[in-house]
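If you read the sequence from its start, that first residue is 1, and numbering goes on from there.
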Amino acid sequence: MTAREVVSRDLLRLPLGEGDVEYVLVRRRGRRGVGLRVDGHGLTVSAPSTWPLARIEEVVRESEPWIVRKVAQWSARRVPAMSWVEGARLPWLGGGLELQLALGSRNVATALPGVLRVQTRDGSEDAIRRAVVAWYKRVARELLVPRALELSARAGIAPPRVFISSAMARWGSCNSRREVRLAWRLAKAPRELIDYVICHELAHLRHMNHSPAFWAEVERQVPGHAALRKRLFATDHLYRSF
């Protein structure tokens with residue numbers, strides 16, 4: 001869909017479950033039916049531009065149990081707000097680093113045991129955040145790229161080209177050009193979840209789909225991957241705070 005095909009976008013409420021559910025109604029020109037999506041932003045309903053609201057909401061109510069369940073799941077997985085203050089906890093490799101702040105001649109972050117020391121010129125939250133993110137991106141590259149190459153060799157897969165991305169919604173991706181992209185935020189997760197994501201993408205180098213053969217390849221590389229996949233889904237919101 002292109003931006004021109006979106007006719008309107010409205011924030012509405014609908015009684016569902018034991019209360020009201022807020023949702024975004026996106027009317028699209030040329031759409032034939034109603035589509036539902038529940039994610040960290042809430043419920044989004046995509047519908048034909050010509051349908052009356054009553055008909056759209058009638059269709060939405062048909063999926064009431066699913067919507068209520070998904071909204072509850074995502075509410076429990078809200079991304080925590082980050083406070084850029086002295087002593088704040090920064091997620092790193094499943095543990096944490098304590099944020100220490102100082103003023104100096106340049107904006108830079110330096111890791112010490114259990115600590116990320118951030119020096120900025122003006123002490124502003126924006127300068128602190130930018131210095132922290134720059135450190136994460138640099139160190140994530142140093143961590144994730146060699147690990148991907150190590151795991152590809154272990155799996156007997158020719159080494160792919162590995163890139164670090166700033167994706168927020170996807171931890172990794174793979175394409176037919178044998179390019180694997182890993183989100184730098186993945187470095188906040190425990191090492192076993194990092195390995196699961198990497199091996200998931202490496203498995204796509206053999207099966208560019210999510211067929212049974214693909215999942216068998218993931219299991220070959222990461223025995224017991226299903227439990228890791230569930231852990232990642234249950235905790236990944238903790239790694240998206242910045």
Side-chain angles (χ1 to χ4, degrees), residues 39-42 72-151 154 162-173 180-202 222 224-242:
D39 56 21
H41 300 290
Q73 289 175 350
W74 277 101
S75 294
R77 300 176 66 245
R78 283 206 177 100
V79 175
M82 182 66 201
S83 296
W84 301 102
V85 297
E86 180 77 17
R89 196 73 170 165
L90 303 171
W92 177 251
L93 293 179
L97 298 171
E98 180 182 323
L99 181 61
Q100 289 188 356
L101 303 176
L103 293 176
S105 59
R106 62 195 182 105
N107 297 343
V108 63
T110 306
L112 302 171
V115 169
L116 188 64
R117 181 177 172 82
V118 178
Q119 173 185 288
T120 59
R121 296 185 185 91
D122 60 10
S124 67
E125 287 194 357
D126 183 62
I128 295 167
R129 181 191 61 80
R130 284 188 284 107
V132 169
V133 169
W135 179 84
Y136 267 83
K137 288 181 177 180
R138 175 174 57 82
V139 180
R141 182 181 303 278
E142 296 171 357
L143 171 74
L144 299 177
V145 174
R147 186 57 176 164
L149 297 178
E150 179 183 349
L151 290 174
R154 182 183 301 178
V162 184
F163 301 89
I164 300 301
S165 82
S166 294
M168 180 69 80
R170 301 180 68 181
W171 294 120
S173 64
V180 169
R181 285 175 168 77
L182 302 169
W184 61 262
R185 293 177 176 85
L186 186 58
K188 301 177 184 179
R191 291 182 184 274
E192 60 270 24
L193 297 186
I194 293 174
D195 283 357
Y196 161 70
V197 171
I198 292 174
C199 290
H200 181 112
E201 301 310 327
L202 293 176
V222 191
H225 78 275
L228 295 172
R229 185 183 181 197
K230 289 180 181 178
R231 275 183 60 195
L232 182 61
F233 178 81
T235 61
D236 68 355
H237 61 291
L238 301 176
Y239 316 133
R240 302 184 195 272
S241 58
F242 62 91

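Residues L144 and I194 come closest through the heavy atom pair CD2-CG2, 3.6 Å. Here the shortest heavy-atom pairing between L103 and G123 reads CD2-N, 3.6 Å. Closest of all the heavy-atom pairs between V162 and A148 is CG2-CB, 3.9 Å. Between S165 and R181 the shortest heavy-atom distance is CB-CB, 4.5 Å. The two residues A183 and A167 come nearest to each other via the heavy atoms CB-O, 3.7 Å. Across all non-hydrogen atoms, the minimal contact from A131 to A109 is O-CB, 3.7 Å.
Test V139, L143, V133 against W184 for side-chain contact (heavy atoms from CB on, under 4.5 Å) and you get one pass: V133.
Distance check: Q119 CD to N107 CG gives 8.0 Å after rounding to the nearest 0.5 Å. In this structure, the separation between CG on D195 and CG on L228 is 9.0 Å, given to the nearest 0.5 Å. Put simply, CD on E201 and CZ on R170 are 7.0 Å apart, with the number rounded to the nearest 0.5 Å. Taken from CZ in R147 to CD1 in I198, the straight-line distance is 7.0 Å, to the nearest 0.5 Å. Taken to the nearest 0.5 Å, the CZ atom of R89 stands 15.0 Å off from the OG atom of S83. K137 contributes atom NZ, which lies 11.0 Å from atom CD1 of I164 (distance to the nearest 0.5 angstrom).
Environment of CZ in R229: sparse, with no more than 12 heavy atoms of neighbouring residues, nucleotides or ligands closer than 6.0 Å. Counting heavy-atom neighbours within 6.0 Å of R138 CZ, excluding the residue itself, gives a total above 12.
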- Task: Evaluate side chain to side chain contact (heavy atoms under 4.5 Å, CB included) for L186 paired with L193, printing each intermediate quantity in order.
- Result: CA-CA 8 Å; L186 186 58; L193 297 186; 5.7 Å; no

- Could you walk me through whether L116 and T110 pass side chain to side chain contact (heavy atoms under 4.5 Å, CB included), step by step? CA-CA 6 Å; L116 188 64; T110 306; 5.9 Å; no

- Message: Between V118 and W84, is the side chain to side chain contact (heavy atoms under 4.5 Å, CB included) condition met? List the steps.
- Response: CA-CA 10 Å; V118 178; W84 301 102; over 6 Å; no

- Message: Test side chain to side chain contact (heavy atoms under 4.5 Å, CB included) on L90 and M82; report intermediate values, then the result.
- Response: CA-CA 9 Å; L90 303 171; M82 182 66 201; 3.2 Å; yes

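For R121 (side chain) and S105 (main-chain N/O), a donor-acceptor pair under 3.5 Å exists by modelled atom type. A donor-acceptor contact shorter than 3.5 Å is absent between the side chain of K188 and the backbone of P91. Remark: the backbone N or O of W171 is not paired with any side-chain donor or acceptor of R185 at under 3.5 angstrom.
A salt bridge links D126 with R130: the distance from a Lys NZ or Arg NE/NH1/NH2 to an Asp or Glu carboxylate oxygen falls below 4.0 Å.
Ring orientation note: the planes of Y136 and F242 are nearly perpendicular, at an angle over 60° on the 30°/60° scale.
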